[in-house]
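Everything on this sheet refers to the single structure shown next.
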Amino acid sequence: MYKLEPLQNRLSQAKNLREIAKRAGINEKTIQRIKNGENSPSLRTADAVMTAIDSIETEGKKHG
């Protein structure tokens with residue numbers, strides 16, 4: 001079992017949930033539900049979301 005708090009914390013700090021959803025291939029409402037603790041995602045979904053967040057943050061550092 002994995003803990004959702006790190007994922008929820010990263011989503012809470014994210015500036016663009018729509019972009020995360022797009023990159024993760026997940027509906028934006030699902031991302032919002034994960035962020036709010038209303039949905040417990042599968043490990044595959046959690047990984048896709050974290051990968052999307054990492055990718056956005058990496059791009060931001062390159063352009064920032």
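For the numbers below, each heavy atom of this structure counts, side chains included, while hydrogens, waters and symmetry mates do not.
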Has N9 got a side-chain atom pairing as donor or acceptor with E5's backbone, closer than 3.5 angstrom? yes

Spatial distance of atom CD (Q32) from atom CD (E38) [nearest 0.5 Å]: 8.0 Å

Could you check whether any side-chain N or O of N16 sits under 3.5 Å from a backbone N or O of R18, counting only pairs where one atom can act as donor and the other as acceptor? yes

Is T45 reaching over with its side chain to a backbone N or O of P41, donor-acceptor style, under 3.5 angstrom? no

Over all heavy atoms of both residues, which pair between A52 and A24 is shortest? Give the atoms and the distance, please. CB-N, 3.9 Å

Can you tell me how far the CD1 atom of I20 sits from the CE atom of M50, to the nearest 0.5 Å? 10.5 Å

Name all residues meeting the side chain to side chain contact (heavy atoms under 4.5 Å, CB included) criterion together with T30; count only those two or more places apart in sequence or in a different chain, and write none if there are none. I26, N27, R33, I34, N39

One thing to verify: whether E19 and R23 come together as a salt bridge, which I'm taking to mean a side-chain N less than 4.0 angstrom from a carboxylate O. yes

Evaluate side-chain contact (heavy atoms from CB on, under 4.5 Å) for N36 paired with L11, printing each intermediate quantity in order. CA-CA 9 Å; N36 295 334; L11 285 171; over 6 Å; no

Which is it for R10 and E57 under the side-chain contact (heavy atoms from CB on, under 4.5 Å) test, yes or no, and what are the steps along the way? CA-CA 11 Å; R10 291 194 66 194; E57 288 177 353; 2.9 Å; yes

T51 OG1 to D47 CG distance, which is reported to the nearest 0.5 Å: 4.0 Å

